[in-house]
Amino acid sequence: MKRILTGLKPSGELTLGSYVGAIKQIIEMQDKYDSFLFVPDLHAITVPQDSKMLKERIIKNVALYLACGVDYNKNTIYIQSENLYHTNLSWILECNTYFGEASRMTQYKDKASKNENISVGLFTYPILMAADILIYDANYVPVGIDQKQHVELARDIARRFNNKYGDVFVVPEPIIPKSGEKIMDLQNPTKKMSKSDETYKGVILLLDDEKTIRKKIMSAVTDSENKIYYDKENKPGISNLIVIYATLSNLSIEDVENKFKNNNYGEFKKSVADLVVETLMTIQEKYYKILNSDIINKILDEGKYKTEKIARKKYNEVLKCVGLGRN
Ligand code: ATP
Ligand code: LTN
């Protein structure tokens with residue numbers, strides 16, 4: 001059975017974008033693949049974090065995965081920092097990655113250009129991400145489009161390593177959602193809906209209450225044409241709402257255009273809000289039950305045990321190839 005793997009950083013509240021880009025994809029694939037879903041907490045500390053909040057968010061992430069429909073009988077769920085092999089492998093991969101190729105990562109360049117006090121970790125984090133993927137021989141990595149370049153780096157590192165040392169790593173492929181590869185901010189629809197946003201005004205959080213969700217969607221920035229059709233360039237706001245509706249209803253963009261061709265923006269926004277509320281209220285109901293149960297620790301213990309065994313084996317193979325240690 002082929003393996004899929006992805007993770008969502010516990011660096012902020014998970015958003016509708018995180019759901020569409022990663023969690024929903026995992027849920028759709030979990031029946032057919034050996035599925036690994038983890039909490040990349042080491043990635044969260046590439047930027048400053050409050051330690052108490054970080055700890056809480058790690059558990060919240062897991063509760064949200066389950067509430068969204070991730071089945072713990074079909075998924076291996078674990079916390080990155082509890083498995084030391086990720087960071088150990090990352091170091092070896094760093095020594096097999098060119099400074100130039102790491103410098104080309106657009107997300108890093110973007111973040112670095114906005115902030116002078118950035119950590120070295122922010123620069124090397126795509127290599128840790130490569131280790132997260134390669135240590136488990138993952139075949140597919142479901143992510144939003146913003147992470148595609150990082151998965152491509154993991155592919156390059158794997159290929160280079162294999163050329164030098166033999167067939168050690170599976171070369172992974174990114175899986176990008178057909179609809180919703182990048183959900184945009186409702187207030188600034190040319191920018192990604194991001195959990196690192198300061199105000200959350202244009203960001204739908206998975207744990208937003210109904211009133212807040214409706215308010216955010218009803219006040220989404222659109223245009224003055226009052227006609228509902230997809231045109232990303234000229235109508236980014238309406239196009240984003242069409243994508244959100246299409247993704248959550250599993251309809252195509254054309255189906256959504258047809259469905260609302262005789263409606264005005266107010267009516268369309270209300271339908272989008274109804275659908276988002278329906279989706280998120282179902283998730284939230286489950287979320288609070290799961291958070292108050294003892295299932296999370298049990299799942300994480302099992303995940304840690306299982307992934308440590310797999311990672312240790314791969315790591316030892318790598319040590320041998322590179323000539324490290326005594327084995
Ligand atoms: P940030 O929102 O702070 O930029 P991030 O997206 O880098 O965070 P995660 O929450 O770890 O960090 O991302 C989890 C997954 O969700 C990734 O695969 C990412 O590509 C995807 N994702 C996040 N936001 C969106 C979005 N707006 N549209 C589609 N996919 C998204
Ligand atoms: N870098 C990703 C999170 C992440 C990840 C991974 C995703 C860390 N390791 C491995 C897929 C596979 C992010 O910032 N969203």
Side-chain angles (χ1 to χ4, degrees), residues 3-9 11 21-22 36 38 40-48 80-81 83-176 181-182 192 194 196 307 310-325 327:
R3 182 169 290 159
I4 53 172
L5 176 147
T6 201
L8 294 95
K9 284 180 300 187
S11 51
F36 279 40
F38 72 110
D41 53 347
L42 292 169
H43 286 261
I45 61 163
T46 51
V47 295
Q80 181 189 34
S81 64
N83 187 333
L84 304 181
Y85 296 107
H86 288 233
T87 37
N88 275 17
L89 177 62
S90 182
W91 173 253
I92 298 174
L93 298 184
E94 276 185 40
C95 298
N96 283 277
T97 305
Y98 296 112
F99 193 84
E101 67 184 338
S103 309
R104 282 194 289 277
M105 295 298 110
T106 53
Q107 200 181 66
Y108 164 75
K109 284 200 285 190
D110 189 42
K111 289 194 176 163
S113 70
K114 288 183 194 140
N115 189 348
E116 279 173 16
N117 296 319
I118 54 164
S119 69
V120 175
L122 193 67
F123 179 67
T124 55
Y125 115 136
I127 308 172
L128 177 58
M129 179 165 163
D132 298 335
I133 299 167
L134 301 182
I135 200 146
Y136 299 113
D137 284 336
N139 302 91
Y140 301 110
V141 184
V143 282
I145 196 90
D146 59 314
Q147 292 296 323
K148 189 168 176 237
Q149 195 188 27
H150 293 160
V151 182
E152 275 160 4
L153 177 70
R155 285 169 68 78
D156 291 343
I157 295 174
R159 278 206 211 94
R160 185 174 318 124
F161 199 95
N162 288 351
N163 281 339
K164 195 163 170 192
Y165 298 110
D167 251 355
V168 180
F169 294 125
V170 166
V171 179
E173 275 178 47
I175 305 262
I176 314 294
E181 60 176 28
K182 193 174 181 185
K192 185 183 109 166
S194 163
S196 321
T307 52
I310 303 173
R312 185 183 309 121
K313 190 159 172 268
K314 179 63 71 182
Y315 182 67
N316 282 335
E317 197 184 331
V318 169
L319 288 187
K320 216 176 237 169
C321 294
V322 180
L324 293 163
N327 65 7

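For clarity, every value in this text was computed on a predicted model and none was experimentally measured.
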| Tell me, which pairs form a salt bridge (Lys or Arg N to Asp or Glu O under 4.0 Å) where one or both residues lie in residues 87-103, sequence neighbours left out? | E101-R160
| remark: Tested for side-chain contact (heavy atoms from CB on, under 4.5 Å) against V170, the lone hit among L134, N162, N139 is N139
| said: If I compare all heavy atoms of A102 with all of F123, which pair ends up nearest, and what's the gap? | reply: CB-CZ, 3.7 Å
| field | Point-to-point distance, once rounded to the nearest 0.5 Å, from CH2 of W91 to CG of L324 | value | 11.5 Å
| query | Can you name the side chain to side chain contact (heavy atoms under 4.5 Å, CB included) partners of N115, sequence neighbours left out? | reply | N117, I118
| message | Applying side chain to side chain contact (heavy atoms under 4.5 Å, CB included), can you list everything that pairs with S196, at least two apart in sequence or on another chain? | response | S194
| query | By side-chain hydrogen bond (donor to acceptor under 3.5 Å, both in side chains), which residues pair with R3, not counting sequence neighbours? | reply | D34
| query | Is there a side chain to side chain contact (heavy atoms under 4.5 Å, CB included) between Q80 and L128 once you walk through the steps? | reply | CA-CA 10 Å; Q80 181 189 34; L128 177 58; 3.7 Å; yes
| query | Among pairs that include at least one residue of residues 161-176, which meet salt bridge (Lys or Arg N to Asp or Glu O under 4.0 Å), considering only residues two or more places apart or in two chains? | reply | none
| For the atom pair CE (M129) and NZ (K9), what is the distance rounded to the nearest 0.5 Å? | 9.5 Å
| request: Tell me, please, which residues at least two apart from E317 pass salt bridge (Lys or Arg N to Asp or Glu O under 4.0 Å). | output: K314
| Among all residues two or more places apart in sequence or in another chain, which pass the side chain to side chain contact (heavy atoms under 4.5 Å, CB included) test with V318? | L89, I92, F161, V168, F169, V322
| note | Residues passing the side-chain hydrogen bond (donor to acceptor under 3.5 Å, both in side chains) test with T124, sequence neighbours excluded, are none
| query | Taking only residues two or more places apart in sequence, or in another chain, which ones meet D41 in a side-chain hydrogen bond (donor to acceptor under 3.5 Å, both in side chains)? | reply | S81
| side-chain hydrogen bond (donor to acceptor under 3.5 Å, both in side chains) partners of S113, counting only residues at least two apart | none
| note | d(I133 CD1, R155 CZ) to nearest 0.5 Å is 11.0 Å
| If you take all heavy atoms of P172 and A138, which pair is closest and at what distance? | CB-O, 3.5 Å
| Is the backbone of R104 close enough, under 3.5 Å, to the side chain of Q149 for a donor and an acceptor to pair up by distance? | yes
| side chain to side chain contact (heavy atoms under 4.5 Å, CB included) against N83, all qualifying residues, sequence neighbours excluded | Y85, H86, Y136, T307, E308, A311
| task | Taking all non-hydrogen atoms of both residues into account, name the closest pair between T46 and G121 and its distance. | result | CG2-O, 3.5 Å
| remark: Interatomic distance, OG1@T97 vs CD1@I157, rounded to 0.5 Å, equals 3.5 Å
Per-pair distances, 0.1 Å, donor-acceptor, side chain in residues 140-147, under 3.5 Å, sequence neighbours excluded:
from, atom 1, to, atom 2, distance (Å)
D146, OD2, K192, NZ, 2.8
Q147, OE1, H150, ND1, 2.9

| query | When rounded to the nearest 0.5 angstrom, what is the spacing between CG in D132 and CD1 in I127? | reply | 12.0 Å
| task | State, to 0.1 Å, how close P126 and L153 come at their nearest heavy-atom pair, and which atoms those are. | result | CB-CD2, 3.7 Å
| task | With side chain to side chain contact (heavy atoms under 4.5 Å, CB included) as the test, would you mind laying out the steps for K114 and D110 before giving the verdict? | result | CA-CA 7 Å; K114 288 183 194 140; D110 189 42; 3.3 Å; yes
| remark: Value for OG1 (T6) from CZ (F38), rounded to nearest 0.5 Å, stands at 7.0 Å
